[in-house]
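This report refers to the structure that appears directly beneath it.
Predicted model only: the values in this text are computed from it and were never measured.
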Amino acid sequence: MNKITRRQALGATAGALTALGLAGATAHAAVTGSRTAAPATPAGGVDEVYQGRRIRIVPASGGGDDHGGHHGGHQSPGQPTVLIDGRELHVMRNADGSWISVVNHYETFSGPLPLARAAVRELQGAALVPMGGM
């Protein structure tokens with residue numbers, strides 16, 4: 001009685017597929033994790049028009065100049081200031097280096113510029129309302 005049962009065949013197949021899936025996921029994570037992170041904001045900042053909206057990203061500065069880091073807004077020290085049509089978009093950097101905003105709170109981005117562009121798309125022409133009232 002050296003015949004393999006249907007149950008044994010299905011069990012062996014499921015085990016092999018699980019092992020292959022884990023090996024593929026591990027290989028992908030190793031390749032993805034080994035990439036070097038791009039700088040969060042270019043040294044000179046960003047000033048562009050995207051889908052008819054003006055996006056400005058001003059790098060954080062250590063001092064009290066009027067454009068760096070957080071100029072009376074809600075940014076944490078060391079965070080760049082992201083402006084859409086002159087209004088501040090509240091952005092946050094996650095522990096893993098990804099970025100989120102109040103407009104796209106459940107979607108992460110690789111940096112402030114892709115985040116700002118996604119916010120412009122999500123706003124669909126609506127004005128950005130300041131956080132914390134007016």
Side-chain angles (χ1 to χ4, degrees):
M1 294 252 187
N2 288 338
K3 290 186 177 183
I4 187 168
T5 65
R6 188 178 307 162
R7 182 175 287 176
Q8 290 171 331
L10 287 174
T13 302
L17 290 175
T18 301
L20 285 173
L22 287 174
T26 304
H28 176 69
V31 170
T32 305
S34 65
R35 294 182 187 153
T36 57
T41 306
V46 174
D47 191 355
E48 73 172 29
V49 175
Y50 180 75
Q51 294 186 356
R53 309 288 293 265
R54 184 175 182 202
I55 297 173
R56 287 188 58 218
I57 301 175
V58 182
S61 68
D65 67 320
D66 61 343
H67 288 93
H70 57 304
H71 53 84
H74 301 302
Q75 302 299 86
S76 299
Q79 301 277 357
T81 299
V82 178
L83 303 168
I84 297 177
D85 293 335
R87 294 189 174 196
E88 185 173 9
L89 172 67
H90 181 65
V91 299
M92 297 156 279
R93 187 167 191 174
N94 294 325
D96 66 355
S98 62
W99 293 79
I100 60 173
S101 74
V102 295
V103 175
N104 300 85
H105 200 75
Y106 298 107
E107 188 177 357
T108 59
F109 299 91
S110 60
L113 184 57
L115 177 131
R117 289 176 177 164
V120 166
R121 288 190 302 270
E122 187 70 27
L123 287 169
Q124 299 178 358
L128 186 63
V129 178
M131 276 194 61
M134 301 216 226

Worksheet item: Under the side chain to side chain contact (heavy atoms under 4.5 Å, CB included) criterion, do Val120 and Ile84 qualify, and how do the steps go?
Response: CA-CA 8 Å; Val120 166; Ile84 297 177; 4.0 Å; yes
Worksheet item: Which atom pair, heavy atoms only, marks the closest approach of Ala116 to Ile55?
Response: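 For Ala116 versus Ile55, the nearest heavy atoms are CB-CG2, 3.7 Å.
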Worksheet item: Shortest non-hydrogen contact from Trp99 to Pro80?
Response: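 Taking Trp99 first and Pro80 second, the nearest heavy atoms are CH2-CD, 3.6 Å.
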Donor-acceptor pairs are to be reported for all side-chain atoms of residues 122-130 against protein atoms at under 3.5 Å, with residues two or more places apart or in another chain.
none

Discussion item. Checking Arg54 now: which residues fulfil salt bridge (Lys or Arg N to Asp or Glu O under 4.0 Å) with it, not counting sequence neighbours?
Written reply: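 Expected list: Asp47.
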Fill in: salt bridge (Lys or Arg N to Asp or Glu O under 4.0 Å) partners for Glu48, two or more places apart
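For Glu48 the salt bridge (Lys or Arg N to Asp or Glu O under 4.0 Å) partners, ignoring immediate neighbours, are Arg117.
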Note, [X] side chain near [Y] side chain (heavy atom, < 4.5 Å):
X	Y	answer
Glu88	Thr81	yes
Leu115	Val91	yes
Leu89	Ser101	yes

Fill in: OH on Tyr50 to CG on Leu113, rounded to 0.5 Å
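With rounding to 0.5 Å, CG (Leu113) is 9.0 Å from OH (Tyr50).
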Discussion item. To the closest 0.5 Å, what do you measure between CD1 (Ile57) and CD (Gln79)?
Written reply: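 So the gap between those two atoms works out to 12.0 Å.
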Which donor-acceptor pairs under 3.5 Å do the side chains of residues 7-15 make with protein atoms, sequence neighbours left out?
from  : atom 1 : to   : atom 2 : distance (Å)
Gln8  : OE1    : Thr5 : N      : 3.1
Gln8  : OE1    : Thr5 : OG1    : 3.4
Thr13 : OG1    : Ala9 : O      : 2.8

Discussion item. Strictly by salt bridge (charged side-chain N to carboxylate O under 4.0 Å, His left out), give each pair with a member in residues 100-114 just once, sequence neighbours left out.
Written reply: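 Residue pairs with at least one partner in residues 100-114: there are none.
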Item to complete: State which residues pass side-chain hydrogen bond (donor to acceptor under 3.5 Å, both in side chains) with Arg87; sequence neighbours excluded, sorted by chain then number.
Response: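 Residues passing side-chain hydrogen bond (donor to acceptor under 3.5 Å, both in side chains) with Arg87: none at all.
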Item to complete: Identify, with sequence neighbours excluded, every residue that meets side chain to side chain contact (heavy atoms under 4.5 Å, CB included) alongside Asn94.
Response: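 Applying side chain to side chain contact (heavy atoms under 4.5 Å, CB included) to Asn94 gives Asp96, Ser98, Ile100, Thr108.
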